[in-house]
There are 2 protein chains.
Amino acid sequence: MEKKPTVYDVAHEAGVSIATVSRALRTPHSVRPNTRKAIELAIKRLGYVPSGSAQSLAARRTNSIGLFLPNIDELDSLSDFQLTTIDQAEVVVDPPRTPSMRPDSFYFDSLLRGCELEAWRQGLSLMVNIGLGRTDTDVSRLVNDMSGKVDGLIVMARSVPERVLEPLRRHLPLVMVANAPSDHEEEFDLVRVSNRKGMSALVRHLVKAHHVSQIAYMAGPDDSPDNHKRYEGFCEGLRDCGLNPEAAPIYRGQFSQVIACTITKSLIAQDSLPEALVCANDQMALGAMTALSRAGVPVPGRVIITGFDGISETEATEPRLTTVRQPIVDLGRAAVSTLVKRMSAPGDPPISTELPVTVLLRESCEGPLAGV
Amino acid sequence: MEKKPTVYDVAHEAGVSIATVSRALRTPHSVRPNTRKAIELAIKRLGYVPSGSAQSLAARRTNSIGLFLPNIDELDSLSDFQLTTIDQAEVVVDPPRTPSMRPDSFYFDSLLRGCELEAWRQGLSLMVNIGLGRTDTDVSRLVNDMSGKVDGLIVMARSVPERVLEPLRRHLPLVMVANAPSDHEEEFDLVRVSNRKGMSALVRHLVKAHHVSQIAYMAGPDDSPDNHKRYEGFCEGLRDCGLNPEAAPIYRGQFSQVIACTITKSLIAQDSLPEALVCANDQMALGAMTALSRAGVPVPGRVIITGFDGISETEATEPRLTTVRQPIVDLGRAAVSTLVKRMSAPGDPPISTELPVTVLLRESCEGPLAGV
DNA sequence: TTGTAGGCGTTATCAC
DNA sequence: GTGATAACGCCTACAA
């Protein structure tokens with residue numbers, strides 16, 4: 001591979017000075033057509049591409065932003081990857097099994113797509129990193145490395161410990177996604193969805209339209225802020241309808257399909273199913289549906305099931321699952337949009353945005369619906 | 001926001017020279033413990049992070065690689081994004097409808113994840129870009145911009161016109177994914193999956209294990225290399241079993257679920273269903289399944305349906321869909337792995353890797369299977 | 001319109 | 001061990 005040409009090479013080839021080359025690139029109209037042609041020709045000939053590093057150094061901005069995502073579980077079992085070509089397609093029988101999903105992937109993929117989208121619109125490059133480092137030190141190295149290469153950073157909640165975030169924030173525009181360190185949440189730029197309002201609207205619908213009063217909550221992990229917000233919404237919805245949240249049973253499904261399935265099975269066995277089982281995410285709702293359909297319990301006839309998130313699997317169940325859809329792609333776009341604002345106005349007060357969610361009423365609470 | 005501290009600030013704060021600061025960072029053992037401590041302290045105090053641009057410029061390498069993905073259809077309708085907070089969760093009835101999927105997203109998301117994974121393992125940053133530009137000029141600007149910021153580029157097939165790829169290749173390590181410009185394919189580094197072998201293995205299984213002889217092919221778009229490779233495999237499989245590929249009907253499903261559904265419906269109406277309908281991708285197989293299940297045609301009793309790709313929806317149908325799974329995440333890892341090799345050995349001959357696929361036999365051809 | 005020269009923040013090669 | 005100093009490739013006044 002040939003040595004990379006620089007402005008000097010182009011200048012020499014075109015018989016002009018490097019300043020003129022630079023100008024021809026940045027303010028074409030400020031250079032005489034003839035010389036411009038010559039320069040363009042030289043550029044083509046040499047296959048010249050400006051060095052991003054040098055440009056960034058001189059301009060003191062990189063025109064890129066970074067996105068930092070947390071660990072993804074599948075990455076835990078990361079082995080050395082070997083480039084080998086096997087000359088045969090494998091043929092295997094693939095027996096049915098409880099689907100083991102990658103619940104988080106959908107979220108991250110969508111978020112990423114939103115960021116890409118908006119970054120592109122804003123003319124920015126997007127650098128992606130996953131917090132794969134086990135230790136704080138590793139993550140710290142990663143995020144430091146990245147922060148040297150970008151003009152601003154979007155950080156998914158819980159992907160970076162606050163201890164490493166805090167010093168960064170002094171010199172780098174930072175936008176948090178989903179939530180910010182609780183201590184001084186209001187100091188951060190933040191984008192999130194209104195988990196609370198979505199859940200309360202759903203609960204109000206259940207009570208008012210379907211007249212259920214025995215409602216149970218299938219909860220996520222205690223350390224999940226999303227779960228907390230959703231539970232708050234659950235309680236709020238009940239209170240709005242004059243019901244007592246304290247009276248509603250809570251089951252700890254840990255955002256897990258399998259656990260939710262097990263719990264639901266035992267509820268069936270003890271004949272202690274509520275009129276409606278409100279799950280803190282779709283995975284658990286899917287698990288509950290599995291248990292109910294195996295036991296032949298009619299949904300929504302005997303029990304109403306609802307989820308939260310709006311993953312595509314909720315459309316494939318029978319009946320389809322009522323859920324609350326988060327605008328995750330828009331969340332990504334909002335993050336970039338906020339970051340851009342911040343970069344151009346470093347002194348302004350923090351921007352906190354809450355995106356609205358959509359309650360999707362489907363057969364698991366409505367019963368048969370006319371198709372389109 | 002405070003001015004970003006530089007080595008000079010750190011040096012001054014610690015009472016040493018910038019050279020020593022640099023050394024303390026890169027070869028800690030070559031500096032006396034005391035001075036090192038002082039420097040580390042100064043770094044913490046100031047919140048210093050090295051400038052990636054300057055590092056890259058001096059080191060003549062960026063330690064990042066780029067991934068270039070093609071247009072994603074959903075992006076066509078890209079509007080200005082407004083940061084607005086609506087203070088209400090929307091509640092809507094969501095009627096059942098033919099699912100409109102994002103067929104490509106799954107592929108790109110998985111590929112991206114594979115790249116992230118391997119890039120992380122190799123200590124590289126990953127820069128992602130989508131070829132959203134309408135015109136060649138736009139794409140060209142995008143890819144040029146990106147190529148100035150990275151040490152190497154991974155390019156998804158058909159995301160960048162060859163005309164802009166060719167000059168880039170002179171100075172930048174480049175790995176193609178899925179396929180390379182046909183003219184001089186063998187000059188490119190390339191990673192792909194063995195579409196042909198997967199399809200032929202599937203067809204051989206259908207003929208030998210299920211004794212079908214009337215097989216039809218539901219084809220993708222003519223301009224899709226994947227479709228061609230799969231059709232080659234289809235023919236090869238038939239020939240291997242002594243059947244004549246010329247005799248097999250071809251239906252043009254265009255990789256579209258809706259079109260495949262329509263076609264299948266008319267096949268049912270004309271009573272011209274084959275014994276097995278081999279689809280060039282999962283979307284079309286899903287469309288066919290929809291038509292068949294609506295018409296009450298038993299699968300695989302009356303007709304066997306197979307797909308290709310291994311998307312998750314194929315596990316949700318009843319019966320589940322026999323398909324060929326591509327190792328897309330591994331494809332991404334292989335791409336990065338190849339790129340790294342190339343970067344460290346620019347002169348070596350092109351590396352072409354073909355990853356094996358897996359034929360997943362499920363109920364849509366096998367009939368009832370024992371679960372696990 | 002074009003050229004000269006200083007600076008952007010690091011790394012690395014010298015001396016000391 | 002530590003400190004000057006010259007690259008690295010580009011941008012941008014400032015001159016011409």
Side-chain angles (χ1 to χ4, degrees), chain A residues 2-40 42-43 46-64 144-151 171-172, chain B residues 2-40 42-43 46-64 125 144-145 147-151 171-172:
Chain A
E2 322 160 23
K3 176 189 169 299
K4 267 193 170 159
T6 73
V7 257
Y8 295 98
D9 301 316
V10 176
H12 183 260
E13 175 87 6
V16 296
S17 78
I18 65 165
T20 307
V21 174
S22 182
R23 271 192 290 264
L25 254 27
R26 312 193 62 74
T27 51
H29 59 276
S30 76
V31 53
R32 192 182 306 155
N34 276 336
T35 49
R36 196 194 321 165
K37 296 293 175 232
I39 292 173
E40 280 166 0
I43 288 181
L46 270 43
Y48 167 74
V49 175
S51 150
S53 316
Q55 285 183 317
S56 300
L57 183 56
R60 262 166 292 184
R61 52 178 293 174
T62 62
N63 263 311
S64 353
N144 262 26
D145 195 45
M146 178 137 151
S147 60
K149 296 178 178 174
V150 299
D151 296 331
H171 307 292
L172 198 64
Chain B
E2 323 161 23
K3 175 187 168 303
K4 267 193 169 154
T6 73
V7 258
Y8 293 100
D9 301 316
V10 175
H12 182 261
E13 176 88 7
V16 296
S17 78
I18 64 165
T20 306
V21 175
S22 183
R23 269 192 292 264
L25 253 28
R26 312 192 62 75
T27 52
H29 60 274
S30 76
V31 53
R32 192 183 306 154
N34 277 336
T35 48
R36 197 195 320 165
K37 296 292 176 234
I39 291 172
E40 281 165 359
I43 288 181
L46 269 45
Y48 167 74
V49 175
S51 149
S53 316
Q55 285 183 315
S56 299
L57 183 56
R60 261 166 295 186
R61 50 178 295 174
T62 62
N63 265 311
S64 353
S125 298
N144 262 27
D145 194 46
S147 61
K149 296 178 178 174
V150 300
D151 297 330
H171 306 293
L172 198 65

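Convention: sequence-line order gives letters A, B, ...; per-chain numbering from 1.
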Report task. Would you name the heavy atoms of Ser147(A) and Lys4(B) that are closest together and state the gap between them? Result -> O-NZ, 4.3 Å
**Report entry** Sugar-phosphate, base or nothing in reach of Thr35(A), heavy atoms under 4.0 Å
**Finding:** sugar-phosphate
Requested in this report: Answer yes or no: is there a side-chain heavy-atom contact under 4.5 Å between Lys149(B) and Ser64(B)?
Outcome: no
Report task. Please say which of Val7(A), Asp9(A), Ile39(A) ends up in a side-chain contact (heavy atoms from CB on, under 4.5 Å) with Tyr48(A). Result -> Val7(A)
Query - Thr20(B) side chain near Arg23(B) side chain, heavy-atom distance below 4.5 Å - result: yes
Query raised in the report: Considering the terminal five base pairs at each end of the helix from dT1(C)-dA16(D) to dC16(C)-dG1(D), what angle separates the two local helix axes, rounded to 10°?
Result: 40°
Requested in this report: Would you please confirm or rule out a distance under 4.0 Å between OP1 or OP2 of dT1(C) and any side-chain N or O of Thr20(A)?
Outcome: no
Report summary line: Taking every heavy atom of Ser53(A) against every heavy atom of Ser56(B), the minimum-distance pair comes out as OG-CB, 3.2 Å
Query raised in the report: Can you tell me how far C1' of dT1(C) sits from NZ of Lys37(A), to the nearest Å?
Result: 16 Å
For nucleotides 8-12 of chain D, list the nitrogen or oxygen atoms of the protein found under 3.5 Å from its nitrogen or oxygen atoms, one pair per line.
residue: dC10(D); atom: OP1; partner: Tyr48(A); partner atom: OH; Å: 2.6
residue: dC10(D); atom: OP1; partner: Ser51(A); partner atom: N; Å: 3.2
residue: dC10(D); atom: OP2; partner: Val7(A); partner atom: N; Å: 2.5
residue: dC10(D); atom: N4; partner: Tyr8(A); partner atom: OH; Å: 3.4
residue: dC11(D); atom: OP1; partner: Arg26(A); partner atom: NH1; Å: 3.0
residue: dC11(D); atom: OP1; partner: Gln55(A); partner atom: NE2; Å: 3.3
residue: dC11(D); atom: OP2; partner: Ser22(A); partner atom: OG; Å: 2.7

Report task. Taking the side chain as every heavy atom from C-beta outward, state whether His171(B) and Pro5(A) have any pair of such atoms under 4.5 Å apart. Result -> yes
Report task. Look at all strands and tell whether Val16(A) reaches a base, only sugar-phosphate, or nothing, counting heavy atoms closer than 4.0 Å. Result -> sugar-phosphate
Query raised in the report: Taking all non-hydrogen atoms of both residues, which atom of Ile43(B) and which atom of Leu25(B) are closest, and how far apart?
Result: CD1-CD1, 3.5 Å
Query raised in the report: Shortest non-hydrogen contact from Pro50(A) to Gln55(A)?
Result: CB-NE2, 3.5 Å
Query raised in the report: What integer distance in Å separates His29(B):NE2 from dG1(D):P?
Result: 10 Å
Report task. Report the distance from atom CG of Asp151(A) to atom C1' of dC8(C), rounded to the nearest whole Å. Result -> 14 Å
